[in-house]
Amino acid sequence: MLLAAGLAGAAGPSLNELREVLLKHLEGVNPEMLDEAAVDGILRRFSNQVMLVTNAAPRAPRSATADTNAPAVAQHRIFDDQYGYLRLTRLESETVDEITRALSELTSSNQLKGLVLDLRFAAGRDLAAAGRLAQWFVGRNRLLMEWKGQKITAPPEPAGNPGPLVVLINGQTKGAPEVLAAILREQITAVLIGSPTSGDTAEYREVTLANGQLLRLAVAAVTLGDGQPLKPGGVRPDILAAVSEREERAYLDNPFRLGEGGGDPASRPRLTEADLVRMKRESSEGESPARPRPSTRPDPAAQLVRDPALARGLDLLKGLNLLKMGRGS
């Protein structure tokens, strides 16, 4: 208590002085224990810029890579006639215009009630491209990011307004797409669904320590609009939807396919927005909505999205739209 009070009221002592005092006066304390405590404190203090990589841990890639011959927009479509979907493969400065054209085409030609932006398996080395693409979504002159001394600010008005936004991410989301996901969550409350990203959101330098471990230093980290740098450990989703990489790649080609084993939760018939509206109406009229009647549509199997992350995203957008309708009624 006395030591803590003294530290709170004045500049802290030097590390060497504190070490000597503790070794002299605290019973059972040895130099190895103090070294371990000091290392732990340093790593926690600089957790936004430094990561200790154990011998068994996989090394994060030094830079994000993507097929430069592939189109930046791999797919865009409409689900349930109301919800847009756009999947990116690479985000670089030279692909921002291509992506914004696809976004504008998707939103201007359809009356969307929400958008799913799929960044799974997307990559990009130019981290500043994330801020440039975020300008399409964000307005009000907000600071979006800073990287290598360059600040990127949103325009007075965003270029597009697709409604509520869901962003899909996974462990192969690398570089600029990771930064984009973090910006959209911070600035417009986009909901991130999937699994943690790769953590390739800075320029890193790795130093091999005497015990064989690697110390990864973020020598050029991205700082978001709130002034906080992105941590080396990657961007974590708001809603976890863990799927094996092999199965997730298969879902990209066909989101309606049955998963491995055919029994994943997303393969069960899901409620449509019409079902949700009907349940809300029946509840207000005194009928029990506990056993909803499934919607009868031609070829219902074609309507069942079984990709777990995408299914959760679409369901979330439907729920948000239902809440909006309730507030307006």
Side-chain angles (χ1 to χ4, degrees), residues 51 53 57-76 85-103 115-137 144-145 147-148 150 152 165-185 190 192-206 216 218-222 224 229-237 241-253 307 309-310 313:
M51 175 184 290
V53 183
R59 293 177 58 170
R62 290 181 179 273
S63 60
T65 58
D67 184 358
T68 56
N69 295 319
V73 178
Q75 184 182 156
H76 59 88
Y85 171 84
L86 187 138
R87 178 165 66 89
L88 305 186
T89 58
R90 58 193 181 96
L91 176 53
E92 304 282 1
S93 290
E94 65 269 19
T95 67
V96 170
D97 288 344
E98 176 187 346
I99 296 167
T100 54
R101 282 196 300 269
L103 283 166
L115 175 69
V116 176
L117 183 63
D118 195 342
L119 302 181
R120 295 174 295 179
F121 303 101
R125 292 187 179 91
D126 184 0
L127 303 185
R132 299 189 184 102
L133 181 54
Q135 291 173 327
W136 191 90
F137 296 90
L144 300 177
M145 63 174 286
W147 185 54
K148 290 185 172 181
Q150 177 186 7
I152 300 180
L165 180 64
V166 167
V167 180
L168 307 185
I169 56 175
N170 68 2
Q172 295 301 313
T173 304
K174 302 178 181 179
E178 293 182 80
V179 179
L180 176 64
I183 292 174
L184 295 178
R185 174 162 61 186
L192 276 51
I193 299 179
S195 53
T197 62
S198 69
D200 198 23
T201 57
E203 284 191 5
Y204 293 102
R205 178 174 301 154
E206 293 180 347
R216 184 173 298 129
V219 295
V222 168
L224 298 180
L230 284 177
K231 293 185 178 181
V235 178
R236 301 193 64 82
V243 182
S244 70
E245 180 178 334
R246 181 171 66 117
E247 190 168 7
E248 196 156 40
R249 286 188 182 276
Y251 280 129
L252 294 183
D253 296 329
D307 177 343
L310 177 56

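In what follows, residues are counted from 1 in the order of the sequence shown.
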- Item | Closest contact, heavy atoms only, A181 versus V167 | CB-CG1, 4.1 Å
- Task: May I have the step-by-step check of salt bridge (charged side-chain N to carboxylate O under 4.0 Å, His left out) for E178 and K174, ending in yes or no?
- Result: CA-CA 6 Å; E178 293 182 80; K174 302 178 181 179; over 6 Å; no
- Note on the structure: Of all heavy-atom pairs linking A176 and A130, the shortest is O-CB, 3.3 Å
- On a heavy-atom basis, the closest approach of A221 and P229 is CB-CB, 4.4 Å
- Measure the OG1-CZ distance between T95 and R90 for me, rounded to the nearest 0.5 Å. 6.0 Å
- Item | Gap between atom CZ of R249 and atom CZ of R120 - 0.5 Å precision | 11.0 Å
- So which heavy atom on P196 is nearest to which on P237, and how close? N-CD, 3.7 Å
- Query: Is any side-chain heavy atom of R87 closer than 4.5 Å to a side-chain heavy atom of L310?
  - Reply: no
- Item | Candidate pair L184 and L117, rule side-chain contact (heavy atoms from CB on, under 4.5 Å), full reasoning | CA-CA 11 Å; L184 295 178; L117 183 63; 4.0 Å; yes
- What distance separates T201 OG1 from L180 CG, expressed to the nearest 0.5 Å? 13.0 Å
- How far apart are the closest heavy atoms of A102 and L86, and which atoms are they? CB-CD1, 3.8 Å
- Query: Could you state the interatomic distance from CD (Q135) to CD1 (I183), rounded to the nearest 0.5 Å?
  - Reply: 9.5 Å
- Query: With side chains defined as the heavy atoms from C-beta onward, is the minimum distance between F121 and L168 less than 4.5 Å?
  - Reply: no
- Query: What's the verdict on side-chain contact (heavy atoms from CB on, under 4.5 Å) for L133 and L103, showing C-alpha distance, side-chain angles and the deciding distance?
  - Reply: CA-CA 10 Å; L133 181 54; L103 283 166; 4.2 Å; yes
- Query: Between the main-chain N or O of T100 and the side-chain N or O of D97, is there a donor-acceptor pair closer than 3.5 Å?
  - Reply: no
- Message: Donor-acceptor check, side chain of S244 to backbone of E247, threshold 3.5 angstrom: yes or no?
- Response: yes
- Does T173 reach the main-chain N or O of L119 with its side chain, forming a donor-acceptor pair under 3.5 Å? yes
- Message: For G124 versus E92, what's the shortest heavy-atom pair and its separation?
- Response: CA-OE2, 3.3 Å
- Item | Trace of the side-chain contact (heavy atoms from CB on, under 4.5 Å) decision for Q75 with D118 | CA-CA 9 Å; Q75 184 182 156; D118 195 342; over 6 Å; no
- Interatomic distance, OG1@T197 vs CD1@I169, rounded to 0.5 Å, equals 5.5 Å
- Message: Run I193 and V166 through side-chain contact (heavy atoms from CB on, under 4.5 Å) and show every step you take.
- Response: CA-CA 7 Å; I193 299 179; V166 167; 3.7 Å; yes
- Task: Taking T89 for its side chain and P71 for its backbone only, find out whether a donor-acceptor pair lies under 3.5 Å.
- Result: yes
